[in-house]
Amino acid sequence: MLTTDHHLRFEAATGPLRHQALLGIDYSRVKLRSWGAYAEAAPIDIYAPVYGQIPEAALEAYPVAVDSQLGVYLQDQIRYGDGLTLVLGGRRDRATTEVEGSPAQIDKATTWRAGLIADVGAHLSPYLSYSESFQPTVGLDYYGKPFVPQRGRQVEAGVKWQPTPRTLLTLAAYDIKGSNRQTNDPLNGQNLIQQGEVSSRGVELEAAHAVRNDFSVFATYSHVNAKVSRSSEPLEVGLPLSAVPRDQASAWGEKVVRLGGEMTLRLGLGVRYVGPSVEAVVFDGAVERLRTPGFTLVDALVALERDAWRFALNVTNLADKHYYASCSVRSACGPGYLRNVAGTLGYQF
């Protein structure tokens with residue numbers, strides 16, 4: 001995989017309007033090689049399994065797939081006075097999918113975005129935004145056919161409130177519609193299909209407060225109703241999206257310790273809750289449902305910073321809790337990640 005993104009920024013003024021314009025171009029290329037084997041195995045008793053009954057099957061190479069995308073984008077952030085900001089942007093994409101032995105598939109799209117935020121007094125800033133998306137889908141289905149790009153549209157409205165210099169509250173409501181989303185094929189467990197249209201409507205609440213100069217707390221809550229809004233299968237319309245919980249919440253605290261000189265120690269600890277989710281599929285003319293229980297996890301951060309250097313340890317699922325990430329009607333329940341420690345070393349220049 002290769003990705004690049006280059007842009008130029010321009011600043012200018014036209015009368016009472018101040019502009020920050022952005023002109024850029026990005027490019028990505030993904031080459032996918034894959035192999036697979038298929039063999040039929042005899043039934044197995046899960047309570048008294050007898051292993052080794054699977055016949056040998058030679059790996060076969062699937063057609064090589066190459067996906068590339070070239071995009072050109074332009075954005076202008078327009079500021080009027082001290083209380084009104086308007087953002088207008090657009091981009092043009094050209095995506096190419098080449099599968100060995102098949103004609104190249106070329107998709108083009110023009111997408112737009114716009115946003116408006118205003119300071120109306122009393123430390124309140126309502127905003128409204130609209131955006132469109134175009135995302136090529138890398139890979140082939142089980143039958144060797146390339147996936148078509150995903151398209152999306154989002155409308156969001158909200159308000160930001162800063163009652164004190166140390167506190168910021170944000171409330172947002174959004175409506176997202178997406179097409180050509182990948183999902184499992186109910187007729188073939190080894191295949192992925194792309195549904196007609198999915199819809200997500202929800203609200204989000206975020207709060208940030210600096211207790212002192214060296215200690216801050218953050219909290220979030222979201223509620224979403226994600227479902228299939230259009231499908232060739234009438235029974236699918238209105239069913240929830242798999243593995244998408246309705247409710248999620250988190251709380252996080254971060255402490256900064258001055259160690260002397262230019263070195264600081266940053267300590268963070270938080271908890272996040274992921275609510276239950278439901279998978280509902282149509283099988284043999286009926287809807288089958290399976291519920292994944294919700295879970296709560298603890299995360300932590302330890303970071304050392306000095307000048308432009310930063311070394312950090314991020315720990316997710318600090319308590320090494322066992323839980324199910326998602327359950328599928330078609331297969332089984334998948335366990336979630338156990339304790340994971342990631343170290344990063346960075347230099348800013």
Side-chain angles (χ1 to χ4, degrees), residues 77 83-87 113-133 152-178 181 198-227 229 238 240-256 266-278 291-301 314-319 321 323 325-326 336-337:
Q77 179 177 304
L84 189 65
T85 301
L86 174 67
V87 175
R113 64 189 301 251
L116 180 67
I117 186 169
D119 183 358
V120 297
H123 308 290
L124 288 171
S125 297
Y127 70 89
L128 179 67
S129 69
Y130 171 83
S131 61
E132 300 174 339
S133 66
R153 185 270 301 159
Q154 173 175 327
V155 177
E156 180 175 327
V159 60
K160 297 177 182 290
W161 181 40
Q162 191 171 13
T164 71
R166 294 176 175 266
T167 305
L168 177 64
L169 303 175
T170 303
L171 176 64
Y174 60 87
D175 181 8
I176 304 174
K177 292 189 183 298
R181 175 181 178 271
V198 295
S199 172
S200 297
R201 291 181 177 178
V203 293
E204 294 180 347
L205 177 63
E206 298 181 3
H209 177 66
V211 181
R212 298 190 301 270
N213 291 335
D214 58 356
F215 182 61
S216 301
V217 292
F218 309 88
T220 65
Y221 169 75
S222 66
H223 176 82
V224 60
N225 179 20
K227 62 183 180 180
S229 53
L241 296 188
S242 302
V244 179
R246 279 181 172 265
D247 298 285
Q248 296 187 73
S250 67
W252 179 265
E254 199 166 290
K255 169 77 172 179
V256 177
R266 190 178 299 272
L267 302 173
L269 186 67
V271 60
R272 53 189 167 96
Y273 167 75
V274 179
S277 61
V278 175
R291 180 180 181 271
T292 302
F295 52 88
T296 302
L297 302 176
V298 177
D299 303 324
L301 165 70
N314 290 84
V315 185
T316 55
N317 193 4
L318 179 65
K321 181 177 181 177
Y323 64 98
S326 63
Y337 287 109

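Reckoned from all heavy atoms, side chains included, excluding hydrogens, waters and symmetry mates.
The heavy-atom pair separating Leu124 from Asp119 by the smallest distance is O-OD1, 3.4 Å. Ala173 and Val203 get closest at one heavy-atom pair: CB-CG1, 4.0 Å. Of all the heavy atoms in Gln162 and Pro165, the pair that sits closest is NE2-O, 3.4 Å. Across Ala300 and Trp252, no two heavy atoms sit closer than the pair C-CH2, 3.9 Å. Of all heavy-atom pairs spanning Pro245 and Val224, the tightest one is O-CG1, 3.3 Å. Between Ile176 and Gln154 the shortest heavy-atom distance is CD1-OE1, 3.4 Å.
The salt bridge (charged side-chain N to carboxylate O under 4.0 Å, His left out) pairs that include a residue from residues 207-216 are Arg212-Asp214, Asp214-Lys255, where partners are two or more places apart or lie in different chains.
By the 4.5 Å heavy-atom criterion applied to side chains, Ser277 and Val244 are not counted as neighbours. Arg201 places none of its side-chain heavy atoms less than 4.5 Å from the side chain of Val155. When side chains are defined from C-beta on, Ser222 counts as touching Gln248, because their heavy atoms get closer than 4.5 Å. Side-chain atoms of Leu297 and Val274, non-hydrogen and from C-beta on, never get closer than 4.5 Å to each other. Under the 4.5 Å side-chain criterion, counting only non-hydrogen atoms from C-beta, Pro276 is not in contact with Asp247.
In this structure, Lys227 places its NZ atom where only 12 or fewer heavy-atom neighbours from other residues, nucleotides or ligands lie under 6.0 Å away. For Tyr337, the OH atom sits in a loose shell: 12 or fewer heavy atoms of surrounding residues, nucleotides or ligands are nearer than 6.0 Å. Within 6.0 Å of CH2 in Trp161 there are 12 or fewer heavy atoms belonging to other residues, nucleotides or ligands. The neighbour count for Arg153 CZ, taken as heavy atoms of other residues, nucleotides or ligands under 6.0 Å away, is above 12.
Note that OH of Tyr127 and OG1 of Thr170 are 6.5 Å apart. Values are rounded to the nearest 0.5 Å. Here the CZ atom belonging to Phe215 is positioned 10.5 Å from the CG atom belonging to Leu267, to the nearest 0.5 angstrom. Rounding to the nearest 0.5 Å places NE2 of His209 at 12.0 Å from CG of Leu168. Interatomic distance, Leu128 CG to Glu156 CD, rounded to the nearest 0.5 Å: 9.0 Å. Atom CG of Leu241 sits about 9.0 Å away from atom CG of Asn225, to the nearest 0.5 Å. Atom OG1 in Thr292 sits 12.0 Å away from atom OH in Tyr323 (nearest 0.5 Å).
Applying the salt bridge (Lys or Arg N to Asp or Glu O under 4.0 Å) rule to Arg272 yields the partners Asp299; only residues at least two apart in sequence or on another chain are considered.
In this structure, a donor-acceptor pair under 3.5 Å is present between the side chains of Thr220 and Ser250.
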